Amino acid sequence: TSPVVDVTADEPSAGKKVPKTLSEEMDLQNAAKSKAAAASFDAGSGIRPFPWNYLSDTTWTLMGSIFLLTIFFPGISMITLSTASGYGLYYALYKYNPPCRFVLEKIRSSQRFVFYQIGRCILLDTRDSSYLPWMAYGLFCVPLLFYWALNRHQTHGFEVTTFLLYHLMRLGPRYRFFAHHECLTHIEGHASKDGLYCNPWTLLTTGKRVPLSKAFRRTFADHVNSALVGPFYGSIPNSYGAAHNKIHHRWHNDTGDVHSNMDVDRTLGISSFVLWLPRFIAYWTGLSPVLLFWKRKEHGLLKMMLNGMLYYYGLSALVWYKCGALFFWAYWFYPHVEAIAFLGGIAYMWHSFSEESDPSNQYVNSMTILRGHDNIWNEDYHVVHHHETFVHWTEMPDSFHRNKAHYVKCRATVFADCEQGVFFAWMFGKKWDEMTDFFVDMQYTFSNGDKNGDRLLNVREVAAAERKLRSKEDAAKVEADLAAYHTEVKEMLLKRLRYHYMGNRQEEWSEYEKRLNAGLREFDEKES
């Protein structure tokens, strides 16, 4: 049994630092817990979630440090370059170029019309017609780019310019092609019940939209994005359908989730991410889902996961054998590294908060971003995605407003006017004041009685609104009140970021895990 570490605070003694604020007190307690927990883990105790309880934190941190240097930073480099070049194109061809903007808008309008007409013929829900142009690029353009890069490599050897051009065109300006592909693969994985496509013959003869046959969907139609396009972006087929659906959406980042971050202190910045990074690598490569399915004797899901891994790694071996090691690493395996780096950061961020009094509260555990700068098919409504998985993406904002009372009651984790990448930078850089500025406190009541649950302003906007409402009051008093409010929100957010099952919470973890597994939401075997 894992030892219980007592890290309760002692009475202040000579030479011992006495905390002056709640933040300092939590920092001291956190340092004591981290020190005690590190000693406990290195001594061989195992309270980390499976399978991370088999090695010490020191071992995982060492591995994570190596992965950070060899996978994360190299993997994020092309996305960073894509972002910079994308903004350059945006300013040059759109924002500050009215004639070109007019032409691009006309092209965009025509593209939408054409793909909507195609969607009417092949899609189960015509609202999904916006998927089609991104799918078309992945299905037709990316393989041609790959073939072009292979021909250049075979003729001229490795060229830096070809490497850069291939990956930038594959990613798209500000990684738009990459981002939409990953969202499509995610959506495709969740559409396992009926699929995305209708039977065109039935539509033609009866006018009714019915799903394709289950056999055809399972062998082909349910894998168009993940199997045909996915390998060019480093994705393993069936990963979303098996690992994401049947692990992440069972435990929602709780202790049974193989890439949970619920047991690490997220306020420690990059050090906790380094400890956590091997988890996402094992998840994305398929290793930890296979181990968990094997452990739980879920043979159908295990077979599903192994089939996808056999397909992807079989193709990888073929590319290495036919094209050579250098081409394999530069053009085939690099996207796999890239996906781990970028999506690992996103996964770490989405579930960074946890409410101590109710750790399984998904209104806190999952993040919602309103008016997000990178909201593809309403993926920013992550609470809706976890609570109502099969709600259509066009209906997610309605679901948020319909259930707003729950968000208010829980003081839900809601931010506004930002995006995932910026949030990740706040966490790595420990920029807690900036992070707090963009939090939407849905419990806040304005001095005139208005509810922020209705206005949905972030903390910075709340402050600006209050300055106007209280313009006749003493300015110093107003600023002092706003500063105190900002501090209270920040401390609340930091408390939720710090909360984790460590140190003297080992017994709590054990009891919580028993309750969690006892009430585990199982899935229809037909969907497995």
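Keep in mind the model is a prediction, meaning the values are calculated, not measured.
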Name the residue from Ile187, Leu123, Asp125 that meets the side-chain contact (heavy atoms from CB on, under 4.5 Å) definition with Tyr131.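 Running side-chain contact (heavy atoms from CB on, under 4.5 Å) over Ile187, Leu123, Asp125 with Tyr131 returns exactly one hit, Ile187.
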Under a 3.5 Å threshold, yes or no: a donor from one side chain and an acceptor from the other, between Trp377 and Ser130?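 Yes.
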Going by distance alone, is a donor N or O of one side chain under 3.5 Å from an acceptor N or O of the other, for Asn245 and His190?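 A pair is found: one side chain offers a donor N or O, the other an acceptor, under 3.5 Å apart.
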Centroid-centroid under 6.0 Å between [X] and [Y] rings:
| X | Y | result |
| --- | --- | --- |
| His252 | His351 | no |
| Phe146 | Tyr331 | no |
| His181 | Phe178 | no |
| Tyr283 | Phe280 | yes |
| Trp284 | His259 | no |
| Tyr175 | Phe342 | yes |
| His385 | His186 | yes |
| Trp134 | Tyr137 | no |
| His167 | Tyr334 | yes |
| His336 | Tyr233 | no |
| Tyr166 | Trp148 | no |
| Phe273 | Tyr348 | yes |

Spatial distance of atom [atom1] ([X]) from atom [atom2] ([Y]) [nearest 0.5 Å]:
| X | Y | atom1 | atom2 | result |
| --- | --- | --- | --- | --- |
| Arg266 | Ser354 | CZ | OG | 6.0 Å |
| Phe327 | Thr162 | CZ | OG1 | 10.0 Å |
| Ile247 | Asn253 | CD1 | CG | 13.0 Å |
| Tyr407 | Thr413 | OH | OG1 | 10.5 Å |
| Leu291 | Tyr54 | CG | OH | 9.0 Å |
| Trp350 | Met367 | CH2 | CE | 7.0 Å |

For a quick test of reading the model, state the closest non-hydrogen atom pair linking [X] to [Y] and the distance between them.
| X | Y | answer |
| --- | --- | --- |
| Ala243 | Met305 | CB-SD, 4.1 Å |
| Ala347 | Trp276 | CB-CH2, 4.2 Å |
| Thr219 | Ala215 | OG1-O, 2.9 Å |
| Tyr311 | Ala227 | OH-O, 2.8 Å |
| Phe293 | Ala242 | CZ-O, 3.7 Å |
| Glu182 | Ala339 | OE2-CB, 4.4 Å |

Can you tell me if [X] uses its side chain to pair, donor with acceptor, with the backbone of [Y] under 3.5 Å?
| X | Y | result |
| --- | --- | --- |
| Arg176 | Arg174 | yes |
| Ser109 | Lys106 | no |
| Ser235 | Pro231 | no |
| Arg218 | Ser192 | yes |
| Asn199 | Val210 | no |
| Trp60 | Trp52 | yes |
| Arg217 | Leu212 | yes |
| Thr285 | Ala282 | yes |
| Asp222 | Ala191 | no |
| Ser82 | Gly172 | yes |

[X]/[Y] ion pair, N-O < 4.0 Å:
| X | Y | result |
| --- | --- | --- |
| Lys409 | Glu355 | no |
| Lys246 | Glu298 | no |
| Arg209 | Asp194 | no |
| Arg279 | Asp263 | yes |
| Arg402 | Glu388 | yes |

Using the rule given for side-chain contact (heavy atoms from CB on, under 4.5 Å), can you reason through Asp254 versus Ser260, listing the C-alpha separation, both sets of side-chain angles and the distance that settles it, and then say yes or no? CA-CA 6 Å; Asp254 288 325; Ser260 171; 6.0 Å; no
Quick one: side-chain hydrogen bond (donor to acceptor under 3.5 Å, both in side chains) partners of Ser226, sequence neighbours excluded?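 Per chain and number, Ser226 pairs via side-chain hydrogen bond (donor to acceptor under 3.5 Å, both in side chains) with Glu188.
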side-chain contact (heavy atoms from CB on, under 4.5 Å) for Ser352 and Met427? Distances and angles first, verdict last. CA-CA 9 Å; Ser352 290; Met427 292 187 65; 3.4 Å; yes
Show the numbers, then the answer: is there a side chain to side chain donor-acceptor pair (under 3.5 Å) between Glu395 and Asn378? CA-CA 9 Å; Glu395 299 170 359; Asn378 285 325; over 6 Å; no
For the [atom1] atom on [X], are there more than 12 heavy atoms of other groups (residues, nucleotides or ligands in this structure) within a distance under 6.0 Å?
| X | atom1 | result |
| --- | --- | --- |
| Arg120 | CZ | no |
| Trp294 | CH2 | no |
| Arg127 | CZ | yes |

Chi angles and distances behind the side chain to side chain donor-acceptor pair (under 3.5 Å) call for Thr80, Ser77: CA-CA 5 Å; Thr80 303; Ser77 60; over 6 Å; no
Please step through side chain to side chain donor-acceptor pair (under 3.5 Å) for the pair Asn238 and Asn307, ending with a clear verdict. CA-CA 8 Å; Asn238 289 343; Asn307 284 339; over 6 Å; no
Tell me, with the steps shown, if Asp128 and Trp393 meet side-chain contact (heavy atoms from CB on, under 4.5 Å). CA-CA 9 Å; Asp128 296 334; Trp393 64 271; 3.1 Å; yes
Output every pair passing salt bridge (charged side-chain N to carboxylate O under 4.0 Å, His left out) with a member in residues 330-340, not counting sequence neighbours, ordered by first then second residue.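 Output for this query lists Arg170-Glu338.
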Would Ile71 and Ile66 count as a side-chain contact (heavy atoms from CB on, under 4.5 Å) if you check the C-alpha gap in whole Å, the side-chain angles of each, and the deciding distance to 0.1 Å? CA-CA 8 Å; Ile71 292 180; Ile66 295 171; over 6 Å; no
Do the ring planes of Tyr87 and Tyr90 sit parallel (below 30°), tilted (30 to 60°) or perpendicular (above 60°)? perpendicular
